Each structure stands twice: as structure tokens, then as C-alpha cells.
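As the structure is a prediction and not an experimental result, all values here were calculated from the model. Each chain gets a letter, A, B and so on, in the order its sequence line appears, and its residues count up from 1.
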Amino acid sequence: MKVQLQVLDCDYKMLRGKPLIRVYGKTEKGEPVCVFYDRFLPYFYAQVPDEKKDDFVREIKEKFGASIEEVERYLPIGYGPKVKVMKITGKDPGNVPEMKELTYRYGTPYEADILFRYRFMADFGIKGMGWIEADGDLERTDTVSCKALIADTIKPIENPKNIPLKYMALDIETIPDGDRVPEAGKDEIIMISMVFKPEWNGHDKTVILAKLHKSPDKDVMGTPSEMEMLKKFADIVADYDPDIITGYNINAFDMPFITERMKTYGLLPQLGRCEKPVLIKKMQNSMLVSITGRIVADTYDVIKRDPWMKFKRYDLRTVAKELLKSEKLDIGGIAEIKAHWRAGGEKLDKLIEYCVRDSELAMKLVKEKNLLDKFYELAKVSGLLLQDAFGGQSQRHENKLLYAFKQRDIIMACKPEGDEMKRRDIERKKVGLKGAVVLEPAVGLHTGGSVLVLDFASLYPSIIRSFNICPTTYVRGETTASFHTSPNNARFVDKSVREGVLPAVVTELVETRAAVKRQMKTATEPEVIRQLNAKQLALKDMANSLYGYTGYIRSRLYVMDVAGAITSYGRENITKTKELVENNFNVKVLYGDTDSIFMKTDIADLDRAQQKGEEISAYVTERLPGLKFAFEKIFKTFLILSKKRYAGWKFEKSGDTWKDKLEMKGIETVRRDWCELTTESMSEVLRIILKEQDSKKAIAYTRDVVKGLSEGKVPLEKLTVVKGVTRGLSAYKGMQPHVELAKKLMARDPTRSSMVGERLGYVIVKGNALLSMRAEDPAYVKENGLEIDPQYYVENQLLPPLERIFDALGVSRIEVLEGVRQKNLAEMFGGKKSAPPELTTLNGWDGITCRKCGWSAAVPPLAGVCPKCGDQIFFSKGGELGKFVKAA
DNA sequence: CCGACGCGGGG
DNA sequence: GTGTACGCGTCGG
């Protein structure tokens, strides 16, 4: 029988001494199917000097029962003819690493570190999320949970469709004792929530608890123990049979935790579509979770890595609020989970709701924000399995190039190991890899006329294509073929001699993208347009990052000359362009970076300025073959502080109206350690400078803010900086304001068991203590009439970013602050530092002391406890102790 | 301008 | 599982 399916996953297992490939996928009808294939063996290539061949062949045959065939292939690096290499076929993929090491002792292995499943997929032309047709017989098996077919033939087929998948989002709650992050070795899971799309047996969600619980809610289910809950969880996963498992930070937390808890009870964590248990791999920092037959998609991972999604913090609270306008449920801090769990009743209901909400948010992120679309397409473009498409760029290029090399009879190099990595490190330190050129900026504010910005559309891909740059066209030594020399003095054969693989791949990516964009214009269904857009983005990603792979130190195709050639052409190009425009047009180049040039014209009219831009674009493009220098945007006013830092009043045409916007690069107005006052002042100063072109007004505005600060007129909310307490307080080494505040809060309220997980807002109050010690809770400041420290806010929050701006305008700090009332200035910068107000009222007592360690001081510390030992402190008078100083 | 730490998310 | 794979910000030199 024949079956067609979209490929979700692929693995292999050894069966009766032979590897059995298993391709997991879904049919058009949405039925999960696994295709077996048992006639494929692991192989790789070896190049061994003639005099060592006999020994090598004998040893590898003896040790591994390998069979050897001599074949002709091109080598991956350097232009040259095919050479004779040995194709070594083994019996077990597990032996290949050892065979590779053996080969290194005699010569050079190739393709000896390609994962077996990718070896198979590349040879059969199968791609992740692509479609295949298999012909074979139904197979009775208990190793996979879905229908299985033992295939005679497997081949890729064309089908642009994406099968609707089944999604399950999950979230667990645990209750560690004390101030710790939960540890699977010690702490129990108390509940697991799951959200289903589409629904499971009439449930769109379900929550299971690690204790018996009667609930009128059909979606809530108690179990006698954690172990029973975990069993139930595995049952639900098997019964629902999701394709995608998602959740927030499940790779680093929930999945490893569940897996380990199951193991402690002797339960095998089989959550996949075969007999293999969940595989958790911890790398230096992050975790890798593999569940065969399914895809684990961690929304946190996806969002954190997406360069387009920038947040102050990447916790679920922040991300959900920004992206979904939906919030996590508030249960009063993470430490409250235990109390809610123990209390039962309504409190437990609330905790259940809290747990469900987290799963719902993760599901919404995936489904409403279509977070996975691009990864489906990246899988199809690169050939990687969807699970692996979440990884880095390098794997995508590696796999894409493996396919391309194979089609051309070129063998792929292995990844660098110990010695080779050392060599590369040293080479890089010695020679260096020169990057792009950044033109010296004309620092300052540019007004009058306009600033045109033009840039080279996909510069590096264009260079790779135009100059046929590739490891396979790189000339080493003598050659009779015709070649050209790059600005960094590397030689590449002309395209007429041999087209490079990189140029061919880039061309395919760029042309496919153009075709997809054309399709988008005629498509009508939103669903289709979305998918096409994702595909277009994936193609763009791949095309633009291929250059990076050539210069990546762990690349299989790392040749400094090749990476250097691309950037050297880039540098030459932008320098040439600068000359071209300055010599032939009435413009002055103000700045340029890598592929863009900013030029000042005296044309104020937007339409005429654009016309000039188009003119320049055509002129340059005509003179630089293979590249397109495109008009991008106009700035009416442009402020440049330094390389990579500028702001401009941008105008872009949409339809036939001009839309304006303030654009900022490298000048952040939002940063997590800045208070709102700073953010707001930055934006306003930039707005005044760029839109009103009135630096006097900007200075006056700044003075007003400073004045407001010194007079205590700025609301505390605008001065508050929020930071999260992420670990136990004793785990912090250095001094951080929010941590010190947390310590104070704990001291003030002994009922608090932990601050971990809390987000603390703080302001800095007046005083002599170290900065961090002067962080205070805004509410406490209000209640007790404390004063904020205006000097801190002016010197540390407000002025540093503003000074950089005024600097570029040639305005000094003195000028900015001039005219702020003399009294305030003296108070703030003049020297004498005022003590907290209540200290002046210590009538009758002459100091403060700690009875326990003897610490003493003239003024009480804000913490209200001894800064040395944390014990209670007392008023003192002539050696006798007074009463306990209660800070509140 | 560097190299080495260190941290993120989760309960 | 034929794997070794961050990336940015801060701090001290």
C-alpha cells in the first residue's frame, strides 16, 4: 500500500544488528503514521595517503566489519578535480564516531559526523516538514504507538500544504522548601495543567493534582499521589497524542522536572511515539529536550531568540502582557503557592486557575502569534526536522549545504575538533577577520535640506553571487583556469569555470523568495498569505546568514580567505560608492555602515528629495554590476552621536502620502535599569531637537526636569526602577540595590519566608550609605516622608544618556545646568550631604548601637537592623541602651 | 579595547 | 545519539 505523509520526525533503532530508520509523519487525513526502512547503512568517506591505505583498510575492516569502496569525489575546500576517496560503509551508526577517530590516525575523514537520520534524509531527498510517499506493507509492532508501514520505497513528493497539528501546552507547579529554586531531586510536583488545541475528549484543558480532590469542574482531577499524577499525565499525553508540546520555559524546567520525577518513581518517561524515553540533554547552560515523534516547542526559547521581539525581561508576565495584552494570574508571589496548595478550598481553586493560565498563555503565544510559522518554513528550506529548526543558524546551513554538495558529488568536511579548533583560534587571533566598514560619522545635528539614505539590498548574498565566492571555487596554488582576485588577495575561479555551491544556494534562496513574494501578491486567503510570508522570511534569513556561516569558527567550511573575501568586497564597494556619489552629485556623505550610506542634500522638498535618491540609486547600480543600491528613506533632521548611534526624523512614503516617525539606532530610550523619568526625558529631548530643531528648548526642558527633581516634585512612580529577585538573597555576591532592598523588607516583616520570584520597585533615597543600601520601597518612602536623592537621579539616571546627546550638539554639561536655581545646585552638588530627616529628632539619645556585635553609629541604618550582624539595634546614651529602633 | 565571568527563564 | 550548540551585559585589567 501507498501512504503520503508530512514529515514530523525521524529516528533509528538497531534491530537484529541492523539499523531501522523510522520516519514519523501525518497523512492528509491527520492520521499519525510511521514509515520503517531497513535497507540503509551508515557510511562516510576517508582520504588516506597511499602508503597507509593497506593498514587503514585492514584495521577498519577488522574492528568494525566495514566494507570499502573506492569512489571519485570533489573535495569541499579548494578548486580542483575529482579525487579518489574511500567510501566506508559500517554496520552500526553508533560505531561511526570511533571509525572517524581511527580515520584521523591515517588521514582525513569526511561526512563522518552527519547524524544518521540526516544521512538518510539527504540521500533520499527527504526534508523536515516536507512530504514523502512510501510504498510498503503494514507492520505489526509495539515499538511505535501509531500505525507503522515497512517501506520498499520512500520518495519525496511535492505538496505545499501544512497538515493541521495537535498542540498541547503544559505547565507544572512545585513547592520547594525555603529560598531555593526547585530541584527535581528534592521537591515534588503538585499539579500539571494542560491546554489542548484541538480539544481532548471535550476538554480544552485539564488539570491533574498530586492529591485527592473533589471538584465540580470537569477539567480538574485529583489523584492519590504525585506518582499517580505522573502516570495519569503520561496516559493523557498518549491518549491525546499531540504533535507539538509547548509551554513557557519547558525545555529548561518543566520537561526535565517531570522526567526526573518519573524516574525517581521508577517510571520510564515514555512520552513520545515510540519506546524511547524522553531524552534530556544539559549543555553548559540550556537544555535540549527530545521526545521522539513529537516536537517540543518552548515559547520562551523561540521568543528570546527572535531578534524582532525585544523586551525588558523575558519572563512570562512581561511577554504575555506585551504580546497578548493578557496577564498571568496574581497569587501574591511565588512563595504563596505552598500556602494555596495546603489551604485547599477557594485558595486551591485559585492556584489551579493560576496554573491553567500559564498553559493558556503559552498556547496563545503559539497559536495567536503564529510563533511557529517561520520554523515550519525554515525546516522546509534547510531540510532540518522541525525540532532542530529551533536551533541555531549553523545547523540550517550545514544541512542545506550537505544536500547541495551531494547533488554535485562534493563531499562535506567534518566539524573541527581539538587541534583544528586550536589552529583556527590562533589563526583568527593572528590574522583576524576583518569585518565591515563603518564610515566616520559627521557628528552633530544636521538640519535644512534633507538626508537621503540608500543601501545595498542584501549586500553579502549579492557579493557571493557576483564574485562566485565559495570554498569550492577558492584557488590554492597554481591553476590554469581563469580566476579573479578579491581585495583581500584571495583567488576564485570564474563562474564560467565552475559555479560555486554557495553562489548557487544563495541564488536559489533569493529567486525562490522573489517567486514567493509574487505569489503573495495574488494570494487571497489570509492563511495562505501568512504561510507565504513566513516562507519568504525564512528564505531571507537563510540567504542573509549564509555569509556568517563561512566565518563561523566551528563551520565545516571555515576558510578565512573566503569569509574575508566577502567582507573585503563589501568594504571596497562602500568606499567606491561614497566616491561615486560625492563626485557626481551635489551631496555630502555623513555616515555609512556596511551596506548603507547617509547623504546630505540641500533639497527640502520630500518628493524632489526622493527623486534625487532614485537618481543616485540608478547611477550607482549601473556602475556596480550584480549589486542594487536602493533608495531607502529620507530624514528631515538627523542627529548622529557616534558610529552606530543616531536618531532621525524619518519620512517614508506609503501610497502617496508621507508618513513621519522618529527613528533611533543605538540610542536606547528604554532600558531595564532606567526609570521612567529617564526614558521620558530622553524621548522628549530627542523630539524637541529633531522635530522642533530647538536645542535651547531642549536645554530648558532638561533644566526643568533637574529642577523638578531637586524640589522633590517628580512623582515616585517615575523614579522607580523594577528588578526581579531571581534567587535566594544569600546567593548574590555583589551589591545590588533591589537585593539590598529585599533584605530590608525581609527584616521588617519576619513573616516573609522568601523574596525569590518577587519583582521589586525601588527608589534611591538621600543618605550617606552606599548606593545599594539606599534603595527603598516607594510605598515606604511615602509613608515615612523620606526624601529621594536628587543628586543620584541627576548624575546617574538623567544626565548620562542626555549628556551624550548634548555632547553631539556641542553643548556642555555646565550649559545644560546653568540657570538651575543656585540654591538647588549648591544643595545637590555643593558638598554637604543631608541626612535622612528623622535623624534630627533623636532627642535625648546620642547614638545607635547593636547589643550583639557592638556596632555603633550616630545615625540609624535604613534597614532598621544592624548592618554588620543583622541583629536588633538600640538607641544609646552614655553607654546605656534604649529601646529597639523600629524602622517603620 | 580586551577577556573572564555571570546570568537568563522556571517554582 | 555518527552532535558540543549561546549571547549579551558587566566588571576588572
Side-chain angles (χ1 to χ4, degrees), chain A residues 11-14 19 41-44 64 88 90 92-101 103 109 111-120 171-184 186-191 247-257 276 279 281-288 290 292 298-301 303-305 307 310-311 313-319 328 331 333-338 341 351 354-355 358 362 388 390-395 398 414-418 421 429 552-554 671-673 724 726-727 731-734 736 754 756-757:
Chain A
D11 78 336
Y12 83 98
K13 71 172 292 186
M14 291 302 289
L41 292 173
Y43 69 87
F44 66 99
F64 302 102
I88 297 159
D92 181 344
N95 292 334
V96 177
E98 267 185 83
M99 294 164 84
K100 179 180 69 179
E101 293 315 313
T103 309
E111 302 187 12
D113 52 4
I114 311 288
L115 253 32
F116 189 52
R117 57 168 187 256
Y118 283 119
R119 165 88 287 157
F120 168 77
D171 179 48
I172 67 172
E173 305 301 327
T174 69
I175 38 172
D177 52 349
D179 240 11
R180 290 183 294 106
V181 163
E183 291 169 45
K186 297 179 185 164
D187 308 313
E188 295 200 354
I189 303 174
I190 54 168
M191 67 174 72
Y248 205 80
N249 201 29
I250 53 173
N251 278 346
F253 186 71
D254 303 63
M255 291 315 302
F257 214 105
K276 290 181 189 167
L279 180 80
K281 218 167 166 167
K282 52 233 150 274
M283 311 176 325
Q284 49 241 13
N285 149 42
S286 62
M287 301 273 214
L288 196 131
S290 161
T292 306
D298 185 335
T299 43
Y300 163 71
D301 262 4
I303 289 167
K304 194 185 52 175
R305 296 162 97 120
K310 285 286 175 204
F311 301 104
R313 296 169 49 84
Y314 288 87
D315 56 345
L316 182 57
R317 180 179 300 279
T318 309
V319 169
K328 258 174 90 90
I331 57 161
I334 214 77
E336 287 298 300
I337 292 178
K338 192 186 270 182
W341 173 248
L351 181 62
Y354 170 88
C355 185
D358 282 5
D388 298 328
F390 294 117
Q393 288 286 5
S394 64
Q395 291 174 81
E398 243 158 49
C414 287
K415 288 186 193 171
E417 292 180 32
M421 276 306 291
K429 281 211 184 81
Y552 171 52
I553 196 143
R554 314 190 96 93
R671 258 175 53 174
R672 73 164 75 171
D673 49 354
T726 52
R727 350 168 218 160
Y732 287 92
K733 276 188 206 144
Q736 291 188 56
S754 165
V756 183

Provide, to the nearest angstrom, the distance between the [atom1] atom belonging to [X] and the [atom2] atom belonging to [N].
{"X": "A:M287", "N": "B:dG9", "atom1": "CE", "atom2": "C1'", "result": "12 Å"}
{"X": "A:R305", "N": "C:dC8", "atom1": "CZ", "atom2": "P", "result": "12 Å"}
{"X": "A:E188", "N": "B:dG10", "atom1": "CD", "atom2": "C1'", "result": "18 Å"}
{"X": "A:Q395", "N": "C:dT4", "atom1": "CD", "atom2": "P", "result": "10 Å"}
{"X": "A:N251", "N": "B:dG10", "atom1": "CG", "atom2": "P", "result": "14 Å"}
{"X": "A:I114", "N": "C:dG1", "atom1": "CD1", "atom2": "P", "result": "14 Å"}
{"X": "A:D113", "N": "C:dA5", "atom1": "CG", "atom2": "C1'", "result": "14 Å"}
{"X": "A:Q393", "N": "C:dA5", "atom1": "CD", "atom2": "P", "result": "16 Å"}

Report which part of the nucleic acid [X] touches: base, sugar-phosphate, or nothing (heavy-atom distance under 4.0 Å, all strands).
{"X": "A:I172", "result": "sugar-phosphate"}
{"X": "A:D187", "result": "nothing"}
{"X": "A:R119", "result": "base"}
{"X": "A:D358", "result": "sugar-phosphate"}
{"X": "A:K310", "result": "nothing"}
{"X": "A:P97", "result": "sugar-phosphate"}

Side chain of [X] - closest among [options]:
{"X": "A:N249", "options": "B:dG10, C:dG3, C:dT2", "value": "B:dG10"}
{"X": "A:L279", "options": "C:dG3, C:dT2, C:dG1", "value": "C:dG1"}
{"X": "A:Y300", "options": "B:dG9, B:dG10, C:dG3", "value": "B:dG9"}
{"X": "A:K415", "options": "C:dT4, B:dG10, C:dT2", "value": "C:dT4"}
{"X": "A:L115", "options": "C:dA5, C:dT2, B:dG8", "value": "C:dT2"}
{"X": "A:Y552", "options": "C:dT2, C:dA5, B:dG10", "value": "C:dA5"}
{"X": "A:K100", "options": "B:dG10, C:dG3, B:dG8", "value": "C:dG3"}
{"X": "A:D315", "options": "B:dG8, C:dG3, B:dG9", "value": "B:dG9"}
{"X": "A:Y314", "options": "C:dT2, B:dG9, B:dG10", "value": "B:dG9"}
{"X": "A:Y248", "options": "C:dG1, B:dG10, C:dG3", "value": "B:dG10"}

side-chain contact (heavy atoms from CB on, under 4.5 Å) against [X], all qualifying residues, sequence neighbours excluded:
{"X": "A:E101", "answer": "A:Y104, A:E417"}
{"X": "A:E398", "answer": "A:K415, A:Y549, A:R556"}
{"X": "A:S290", "answer": "A:L279"}

Fill in the blank from the handout: Interatomic distance, CG@A:D358 vs CG@A:N249, rounded to 0.5 Å, equals 11.5 Å

Exercise for the section: Would you kindly compare A:K304 and A:I337 by the position of their nearest DNA chain B nucleotide and give the one closer to the 5′ end? Expected result: A:K304

Practice task
Check the angle between the aromatic planes of A:F253 and A:F257 and answer parallel, tilted or perpendicular using the 30° and 60° thresholds.
Solution key: tilted

Practice task
Indicate yes or no: at least one non-hydrogen side-chain atom of A:K338 is less than 4.5 angstrom from one of A:I190.
Solution key: no

Problem - Sub-4.5 Å side-chain heavy-atom contact between A:W341 and A:M191 - result: yes

Handout entry: C:dG3 OP1/OP2 closer than 4.0 Å to side-chain N/O of A:Y118
Key =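 Indeed not, no polar side-chain atom of A:Y118 lies that close.
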
Handout entry: Distance test, side-chain N/O of A:R554 to OP1/OP2 of C:dT4, below 4.0 Å
Key = no

Handout entry: Set of side chain to side chain donor-acceptor pair (under 3.5 Å) partners for A:N251, sequence neighbours left out
Key =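 Partners of A:N251 by the side chain to side chain donor-acceptor pair (under 3.5 Å) criterion, ordered by chain and then number, come out as A:D301.
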
Completion exercise
side chain to side chain donor-acceptor pair (under 3.5 Å) filter on A:K276, not counting sequence neighbours, yields A:D11

Could you go over nucleotides 1-3 of chain B and give all protein N or O partners under 3.5 Å, atom names and distances?
none

Practice task
Sticking with atom C1', work out how far C:dG1 lies from C:dA5, rounded to a whole angstrom.
Solution key: 15 Å

